[in-house]
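Right, one structure below, let's go through it.
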Amino acid sequence: MSFARNKLKQAKDLLGKKDHAGARDAASQVLEYEPTNYHAHVFLGLSLLELADHEGSEQAYRKAIDLNSNQILAWQGISKFYERTEEWDKYAETLRQLVDMYHAVNDVVKCAETWQSLSSLHRERGSRLQLIDALSLLLPGSSIYNTLSNLPLPDVTKPTSTTTFDAQNVVHNSLSTLEEIVGLLETHEEETLKKEVEKRRTRLGAPGPEQLKKEIGVDIWSVSQLPSLYEEILNHPKTSDGLRREIDSKLLRYKQRYLHALPDIRESASTKANLLKELDILVNGAVILGIPDQLAWSLFLESKDLDAVTAYDYSIIKQFVKLFPVSPMTSLLKGYFNYVGESILEDEGEGNLPEQLSDDGPFDMVLNSFPLIPDSVLASRILADLYLNEMDYENAIKVAKNGLEILYRKENSTGRKLPRVRIGLKVVLSTSLVHLYPPKHHSQALSLIDEVLSQSPTNISCLMGKAFIFQQANKWGEALGLFCKVESLIPDSSDEGLRAREETAWCLCQMGETEQGIASLQAVLKVLTDMKGRELDSARCLWRLGKVNCDKGGSTEEAYRYFIASLKSSPTYAPSFTSLGVYYSKFASPPDPTRASKCFQKAFELDPREAEAARKLAEGFAEDREWDLVDVVARRAIEGEGGFDASINKGASFSTAARYLPINAWAWKALGIVELNRRNYPAAIMGFQVALRTESDDQLSWLRLGEAYSKAGRHVAAIKALDRAHELQPDDWMCTYLMGDVKQQMGHFGDAIAAFKTILNTHPSEVGVLVSLGQAYLDFGRAELAEGFETRAEYSFVASIDVGMKTIHTSPGFRAVAWKTIADAILTLSERSAFDNEEKVRNTLLEVMDILPIELEQSVGVAFPILRDNAPLTGTKLLEVAIAAYSYRVSLGSNEIKAGSTWYDLGIALQSWIRKQDSRENFEKAKRKATECLTQAIREDPGNDVYWASLGDAHFLVNAKMAQHAYIKALEIDSKNVVTWSNLGLLYLYHGDVELANEILYRAQTLDPDYSVAWIGQAMVATTNGHHFESKAMLGHAVELTANEPGADLEFASRVFSELRNVESERSLTINALLPAFFVLDRYCARRPDDASGLHLYGLVCERLGHVDTAMRLMERAIAILEAVYEETEEVEVERRFVAANSNLARLRLGQRDWEGAAEAWESALGLLAEEGSETGEDGLLRAQVQLGLGLVACMRGDLEGALMMFGAALESAASDFIIRGQVMVLLAQTMWAVGTEEFKETAEAQLLECITMDPENLAAINTLAVMAILTDEERLVDATFSEILTLTFEKKRQLDPGRDVDYLLTQNYLGQGAVYKAIGVIQSALFAEPARADVRNELARLMVQGREYAIAGAVLAGVEASGDLEDNQSSLGLKAIARTLEMKWKINKEVIGLREVQRAIMLNPSNISGWQALAYMYSLLESR
């Protein structure tokens, strides 16, 4: 122990000498001897601190504290350590610990000094909360206050005389400390609130800013210390009055904010109620003491639950005005009480009132002050009362509703209910709703009145309002009862009592008790006469007396005198003018309509609610066709009843008028008719709809509504409205006519025609219906033509012409319209070149021509058409008739339609005629005339884009600049016309600007993706750019879009056939590819049955599809047409086409074994070709093909000599064409072989060898030579030919042998030699190269069955089934059944099962011969069993 003491003393001395290393060593030696020595650890920590070994120093101090935490020495040391190392948080914790330790040992000075260090640290480096905690230590109630309170009072004259001056000052002057803590805490809470709001407002699903502030505020204020601190300041003996008022104000606002933030739910109800009580105590205290805190006074006024504003304590109001003279609420209260005649100013201040109100009246003072206090319920009540008194019901409703919303929010915020205030606002709201455009808002007002009366049964305003509602609804008994109740509740001398007496008398009059009612009215009138300022009430009484005399059978003269007296009492009382106007128009002798009209006008000017006067005015203006004045009257009458919803929602549109039931349905109907005449269809529709809400059975309104819907393009709604009109009045033909017109617009032409015919059954001479019927037939025909129904369209066009002729005979005044329909029908019909009912068409045209003038050729350059009975009726003839009709229509010069239309139609017809002309006779004259017509049409109507586009079409070929100018002008007028864009694109394409054409046509496709011409143009652009695949796809899409573009049909079919002509593929694939071409050509030939090119192509397609008979008929028709054309023109091109058609017909006949017909056709073709030696290269090829065909015919007839001669001639004609020459040589060799002599056989082989030498890739020659070698057993030649074939690659062999004849030949050769496996190998190689070929699979399976490999055969045939091709599956069903039957060796009745399979195969494809062969085999199996 002495060793430890000595070392500790040594360490202490060394520390005093600043020998820190020695002190460290000494302390360490002690710890080695005694590890739990407290002082050794402290000395070690101090020495290590001085030696900058901070980690060791802290560990030493902590070890000492752990050994004895109640010893101060280690705490002092570690405190010094944290201060030097600037670890401020740990330093603060250590200081706080030292404060408590000094307090425990009652060391007042050390405790105060340590606290001063702690507070200084928090002021410089700590947070507000840390400083608040430090300051709170010196407040009464803290853990160390009792110790520090023993400090002496500070001597402010000698602040440095003690080390604890700051602590002394705080302990003995706690008020300043409380103020500082309050300031710090207020700032902290405000910053915390802002930070939390900013942090939470961006969260997903976060509430609004205000609600978020409330939620966060509740979290903060519910645990805040501010209320208790405020109370401490208020209770502090040194608190001054000024500070007390300031703290009271802060506490008031704090509690108000906390109260408003608390949610109105059950969990917080008790807290909210306690807060409200505390707040009321503060508010009442401020009011009682007269403290000038405006918030407290405002809360006091707003919290009063009084029936009326006048029930407020005037002394309180006066005191408020005195305390806050510049407050907006003061100005509002002054204005209100001055308005009602009450003074709230002190006697000494009353002299200021006139000066204050000199610029603004009382009402203006209220209006100017209200926007400055928008959240005040009291302000809303005051302004609503004033608006109601001023009869400004609209604004009264707005302010009352706003007041109710504010009241609702405040009740939720404070938890205090104010039922009387709510009733007061509802009374204002319901009364205003009663009198604003009655009875528009009566349903809403009645619900409010009933609610008020359930709480206050004697509320006079609501009783009167309910009685007025009953009066408006003609419930006079109920109204009488309520007015009598009001009379019993209030004295007669009051305004409400006198008005109740008057209304009671009026109810009696309306209920038939006229004498009693008149007496009561006269009594009321007597009272009103003696009162000042009641002129309007007197006028109303006088008018009612006159009205009763007039309506109840009294003297009209007496009524007249009452009306005059009423107007003398009040010249602005409108009902008296209305009644006076009725008197002048009905009862005066004689009637005076002029005076009546003036009276009605005056009444309507004074009050737009005078519906009778308004209607009389509107009827008069309508009779004079003054539609603008009708519109003005109707609109003002509607506004008078609140029809445009201008009463409550200023921003409401016209459409909101439909939300209520109108009073003046006639005004809405008149407005609808006016808007219908102005073509403002949405407004017209709304007018009729609103009118029908009141008069739902008004047939005329339904009719006009349907008409408006129709013209607005809302066809379904129009049909519904017209159906309703038809139900109400089935015999109204106008309704049927409009329904037909709507059906026609919808494209339901059949229904439209039926409707028009129904009308004509009863009104056969109705011109408008005849015109519409003719147009319906015309539109129907165009629609049918677009869909490809040629015969139906022909019937519709003829019917349109017949109806047009009937119109002309019925009403010559409508000739121009009728001729328009007739000419349009003939023009459209002229697109056909043949007719199904030619006789009917001819007779109809003759009827038209009978009334047309003959002087046509001189004016238009087209000869007047002559229809001969023996001559066929052509489209050109019809076109000439159409031109004559259009020309005659121009000569009529009628004003029925625009002149531009007549010139345009004639120009278009001439353009169509020019395109069909082959001769130049009258061509130039007609062309000039067409251009003149289109130009004249543009002069008449330069704003019509169609005319400009047609002028562009006229100049399309000859004047590109003019055409471009016309198209661009058309697009300036209508930039979304897809036809014009397409034509402009085609113009650019025709004249070589492909890039610009592509852009324009793309624009057209964008405007209307279903317009086929744009797709056709794009296809042509693609062809020009070499994109043939895309071009074909676009053409295919175009022909799918419409059936009305025959040129596209022919071009598409031609391209499809051209692609497949040189491609040898499977027949099923060829059929599928040719089917679209087949259908479009069928459609094309139906539209243009005289087009030889279309018929020829159609025949070739039918040949490919296997319809040989149809192909022959089409070829014969094409030949007949070409022959007729050639006889007229003798053109070389026609001759060449005739030769080609005859050659194709001969080939078809040859395939049908019609040798004579084939020979005849080829000889006809051969006769038209040039003589040998003089023909061109193409003629030589045609001659070679014809001679080849004749050689085949001779061969088939058995005339081998003739065949040889023809083949030889063909060889000479095809001198340089290796393809035809090779074919001819193969046929020549085959024919020579057929002669049978050795000489000819050798010559045949020599011919084939020569052919192969000339064309080594001629597989037909190689195959033929191989067959000949096989037949003559020339093995060397067979091996040579087969080696030649086997050296070819697969791709080359497939290209040269599309029919796969080489594989067949090799297979048969190996089978003939008995080399079955080699034959199977050939087929397997073919299948491996083309696994999708069903015929190869069938052949391989057949060999497998023959080799008894039934399972393998079934597996091979399964691939056919997996392909999903129906035709391939059907071809293999029989073979598959045999393979499966033979595979089932031990199964009973296996032959029966197989037989059923084969029978199923035959049922699916009876024309397949392999199925029948399989059936025969199955029967043989059954017989063998």
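The analysis underlying the following values was restricted to heavy atoms, covering all of them including side chains, and did not include hydrogens, waters or symmetry mates. Numbers for residues simply follow the sequence, beginning at 1. Since the model is a prediction, treat every value here as computed from it, not as a measurement.
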Salt-bridge present ([X], [Y]; N to O < 4.0 Å):
X: Glu196; Y: Lys199; value: yes
X: Asp13; Y: Lys9; value: no
X: Glu302; Y: Lys410; value: yes
X: Glu50; Y: Lys18; value: no
X: Lys304; Y: Asp313; value: no

Would you call [X] and [Y] a side-chain contact if the rule is heavy atoms closer than 4.5 Å?
X: Thr36; Y: Leu31; result: no
X: Glu93; Y: Tyr82; result: no
X: Leu425; Y: Leu429; result: no
X: Phe370; Y: Ser380; result: yes
X: Arg201; Y: Pro209; result: no
X: Leu333; Y: Phe324; result: no
X: Ile406; Y: Asn402; result: yes
X: Tyr38; Y: Leu73; result: yes

Nearest 0.5 Å, what's the [atom1]-[atom2] distance between [X] and [Y]?
X: Arg416; Y: Glu411; atom1: CZ; atom2: CD; answer: 10.5 Å
X: Ile72; Y: Gln97; atom1: CD1; atom2: CD; answer: 10.0 Å
X: Leu275; Y: Tyr258; atom1: CG; atom2: OH; answer: 6.0 Å
X: Asp19; Y: Asp25; atom1: CG; atom2: CG; answer: 8.5 Å
X: Lys90; Y: Leu95; atom1: NZ; atom2: CG; answer: 14.5 Å
X: Ile423; Y: Leu418; atom1: CD1; atom2: CG; answer: 11.5 Å

(request) Please lay out, stage by stage, how Phe81 and Leu48 fare under the test side chain to side chain contact (heavy atoms under 4.5 Å, CB included). (result) CA-CA 10 Å; Phe81 167 80; Leu48 291 175; over 6 Å; no

Grab the two heavy atoms, one from [X] and one from [Y], that are nearest each other, plus how far apart they are.
X: Ala379; Y: Leu332; result: CB-CD1, 3.8 Å
X: Cys111; Y: Ile144; result: SG-CD1, 4.4 Å
X: Tyr230; Y: Leu251; result: CD1-CD1, 3.7 Å
X: Leu259; Y: Thr414; result: CD1-O, 3.8 Å
X: Ala296; Y: Leu252; result: CB-CD2, 3.6 Å
X: Ser331; Y: Met365; result: O-CE, 3.6 Å

Checking the side chain of [X] only, and the main-chain atoms of [Y] only, is there a donor and an acceptor separated by less than 3.5 Å?
X: Ser376; Y: Ile373; value: no
X: Ser120; Y: Ser117; value: no
X: Trp115; Y: Ala134; value: yes
X: Thr94; Y: Ser79; value: no
X: Trp297; Y: Ile317; value: no
X: Tyr61; Y: His41; value: no
X: Ser176; Y: Asn173; value: yes
X: Ser69; Y: Ile65; value: no
X: Ser136; Y: Ile132; value: yes
X: Tyr102; Y: Val109; value: no

Flag yes if more than 12 heavy atoms outside [X] fall under 6.0 Å of its [atom1] atom; otherwise flag no.
X: Lys255; atom1: NZ; result: yes
X: Asp305; atom1: CG; result: yes
X: Lys195; atom1: NZ; result: no

(request) Ignoring hydrogens and angles, state whether a donor on the side chain of His236 or Ser174 is under 3.5 Å from an acceptor on the partner side chain. (result) yes

(message) What I want to check is whether the side chains of Thr147 and His103 have a donor and an acceptor closer together than 3.5 Å.
(response) yes

(message) Given Asp293, which partner from the list Lys250, Arg245, Arg253 fulfils the salt bridge (charged side-chain N to carboxylate O under 4.0 Å, His left out) test?
(response) Arg253

(message) By the definition salt bridge (charged side-chain N to carboxylate O under 4.0 Å, His left out), identify the one residue from Glu180, Glu190, Glu189, Glu191 that meets it with Arg128.
(response)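 When salt bridge (charged side-chain N to carboxylate O under 4.0 Å, His left out) is applied between Arg128 and each of Glu180, Glu190, Glu189, Glu191, only Glu191 qualifies.
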
(request) Could you walk me through whether Arg409 and Asp375 pass side chain to side chain contact (heavy atoms under 4.5 Å, CB included), step by step? (result) CA-CA 10 Å; Arg409 292 199 300 269; Asp375 293 330; 3.8 Å; yes

(message) Quick check: Phe337 with Tyr314 (ring centres under 6.0 Å apart)?
(response) yes

(request) Determine, step by step, whether Thr239 and Leu234 satisfy the side chain to side chain contact (heavy atoms under 4.5 Å, CB included) criterion, reporting the C-alpha distance in whole Å, the side-chain angles of both residues, the deciding distance to 0.1 Å, and the verdict. (result) CA-CA 7 Å; Thr239 302; Leu234 290 173; 5.5 Å; no

(message) Under the criterion side chain to side chain contact (heavy atoms under 4.5 Å, CB included), I'd like the reasoning laid out for Asp248 against Arg244: C-alpha separation, chi angles, the key distance, then a yes or no.
(response) CA-CA 6 Å; Asp248 276 333; Arg244 194 178 302 278; 4.1 Å; yes

